[in-house]
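By convention in this document, chain letters (A, B, ...) are assigned in the order of the sequence lines, proteins followed by strands, and residues within each chain are numbered from 1.
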Amino acid sequence: MIEDEVLKWKFKCGSKDALRRIYEKYLNRLLTLAMALLNDAGAAEDVVHDVFVCFAESAENFKLAGSLKSYLTTCVINRARDRIRANQRGPMRLDESDPISSNLDGPEHSIICSEESQRLNHAIAQLPDKQREVIVLRLKGEMKFRDIAKLHGVSINTIQGRYRYGLNKLRSILDGEVEE
Amino acid sequence: MKPANNIEKAIKKELNFSASAKLHDRMLTDVLNAQEKSKKTPSALTEPNIGRTIMKSPITKLAVAAVLAVACLTGFYMWTGGQSGIALADVVARMEQAKAYACQMSATFRNQDVDEMPISHAKVLIARDLGMKTNIEIHHPITGQSVLQEIYVLLPERTITTLMPNEKKYSQLEFDEASFEGWRGEYDPQTMVKRILNCKHTSLGRSTIDGVEVESFQTTDPNFMDGSMGEVDVKIWAAVKTSLPVRIEVDKSEENKGHLHIVVCDFRWDVPVDAAEFEPVIPDHYTPGRPMLQILPKKKPAADEETSMNQEAEKKKRAMQAEMGMKMLAMSKQAVIDEEAAIKGLKLFAELDSSYPEALDMPVLVSELARIVKGGGPSAKAFRETIQGMTDEEAMNYKLETVLSAQGLGRFYQTLVQDKKDPAYYGKSVTPEDADQVLMRWKVSDNEYRVIFGTLKAETVTAEALAELEKLPLE
């Protein structure tokens, strides 16, 4: 946290090094979040790219209160949700989008992940939109149920219900894979 | 079938994506270019420094500046205005006849985000042969509490004694000859006359204050007080009948920072003075300490080039401290005080000291923080090293943010106490490793409590569950 406070101040003061450090510190975290929400490597890349570019342009007006991690996370969530809303079909399924690469496939691919990540993301992508979003925001966005409820404009009980149902469904999906 | 918590763990730990080297570099180039393009104005790094250290409580310096400046202002009625009905010679003569006088001074602050708020209020008694006695109440923006000080500047003994009732402490300093001369040079009204004589001023005409006919004058001369206060607007109202001041106002504004307003009023001239009033009584149980507000006499420097530079630096430092005080007031008032702020404050202590503060009283928090950052722990060293690599302004802002984090914690707890939320805090026994032990809790509904555990995880639990949880730390 202290490092982030320093980075925020330096960034606000125009430091290129601070921006580079913030980028390197949070890039993969934000990519993971975007991938889990969108399950589309191109869209995730676009979202994270736009978040960082906007952030870079905002130095002078950047609000210094609050956590940098939360701020960037929220930016990605908002942009991902906008994208989901804009796309009437919802997030693309794995079989509809360009397949993401595993880290064994070589460096030419933009986003790299392990087979286990790919398997988990594949399972998450099969969840209904609302359940998927709650699970991703809770487990990868590290958001509180209260905040997720606020974001969705529903009660905390509804969010906890979606989370519970989502986990049960995930369990079925993953167990089904094992049985196969 | 996989248990749900295994799936949660798997997603948390195993679901990770990373950028390829190519994507990393391409995106970074775009990001840095975006930053470069957005730099239309000079960065804040080039702005004037506004302070060196928050730990020295700049708002206190601001309060000191206000009080001392106002103390000096008691000699401001010696205006030279040729158009005035009050001749300077009359005022000087009248003033010299006054053996003692009393007045009250107050300083307030406001800016676009903060309504008028008090900084300090002082009652002052000045006796020509004895010295100055000041009872000052400082409203501290960090602690949110008022701090009292009794200050005795005794001319015959050439001592300054400060009593600090809140802390049960006292401080005594002796003037040496040079310091005494320096003090006289700064505070003696006769010297003040000469200074004011050098200022450009205008007459604002006659009016009435509390039924007394007065003549008022104004100066905005930046050389006022040798420029140590920066740009100020000073007004004085002197009684036509007695040639003695009735009211003095000083306004200091900084664009985008705030407005400091000082008022001196309730003058009582030639008040009877008992010498005993100027004999500080130090209670037996008071121990020596360093006052939060201290009038330290400066040795009158020799007039060489180096000294001149030191004076300039000192002047600049005072101005920076005053500005920093304004900034701190504004930030303090804007801060959101909630559970998140409390956790942020707790996290700060955990990271710096691997432990939590023993109590959440504001003075304890601030002194704990000061102790930690001055300590020898690795995080404290890292903290200092980080600051060393910063510009003055960056370091000041960083410290300011750090103190405000601690302040957020203390203020949140204060709110819980005030709102009777049945708060409790176990920082003495709970450490950042204690995942299952209650570090802090408060009531959120009839049968529910919000709990922050040692690892800073927050949860809402029933009163019964809380009772079970609290058994361990309380044992």
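For B/Gln35 (side chain) and A/Ser15 (main-chain N/O), a donor-acceptor pair under 3.5 Å exists by modelled atom type. With hydrogens and angles ignored, the 3.5 Å screen pairs a side-chain donor or acceptor of A/Lys140 with a backbone N or O of B/Lys12. A donor-acceptor pair is defined here as one N or O able to donate and one able to accept, closer than 3.5 Å; such a pair exists between the side chain of A/Ser117 and the backbone of B/Asn16.
The number of heavy-atom neighbours closer than 6.0 Å to OH of A/Tyr165, taken from other residues, nucleotides and ligands shown, is 12 or below.
A/Leu30 does not touch chain B: none of its heavy atoms, backbone or side chain, sits under 4.5 Å away. Proximity to chain B is limited to the side chain of A/Arg146, based on heavy atoms less than 4.5 angstrom apart. For A/Val48, the parts sitting under 4.5 Å from any heavy atom of chain B are the backbone and the side chain alike. With a 4.5 Å cut-off on non-hydrogen atoms, A/Phe145 does not touch chain B at all. Only the side chain of A/Leu27 comes within less than 4.5 Å of a heavy atom in chain B; its backbone stays farther off.
Residues B/Ile11 and A/Leu170 meet the side-chain proximity criterion, which asks for heavy atoms closer than 4.5 Å.
From A/Ile135, atom CD1 reaches atom CG of B/Leu15 across 11.5 Å, with rounding to the nearest 0.5 Å. Here the CD1 atom belonging to B/Ile7 is positioned 10.0 Å from the CG atom belonging to A/Leu139, to the nearest 0.5 angstrom. Rounding to the nearest 0.5 angstrom, the gap separating the CD atom in B/Glu36 from the CG atom in A/Leu19 is 10.5 Å. Atom CG of A/Leu31 sits about 10.5 Å away from atom NE2 of B/His24, to the nearest 0.5 Å.
Of the residues listed (B/Glu339, B/Glu340, B/Glu459), the one engaging A/Lys144 in a salt bridge (charged side-chain N to carboxylate O under 4.0 Å, His left out) is B/Glu339, and it is the only one.
Among the candidates B/Leu32, B/Asp30, B/Leu28, the residue making the largest number of heavy-atom pairs closer than 4.5 Å to chain A is B/Leu28. Top candidate by heavy-atom pairs under 4.5 Å with chain B, chosen from A/Glu45, A/Arg29, A/Arg164, is A/Glu45.
Shown here for A/Tyr23 and B/Leu23, the closest heavy-atom pair between the two residues is OH-O, 3.9 Å. Closest approach of A/Ser114 to B/Glu14, counting heavy atoms only: OG-O, 4.2 Å. In terms of heavy atoms, B/Ser18 sits closest to A/Asn28 at CA-OD1, 3.2 Å.
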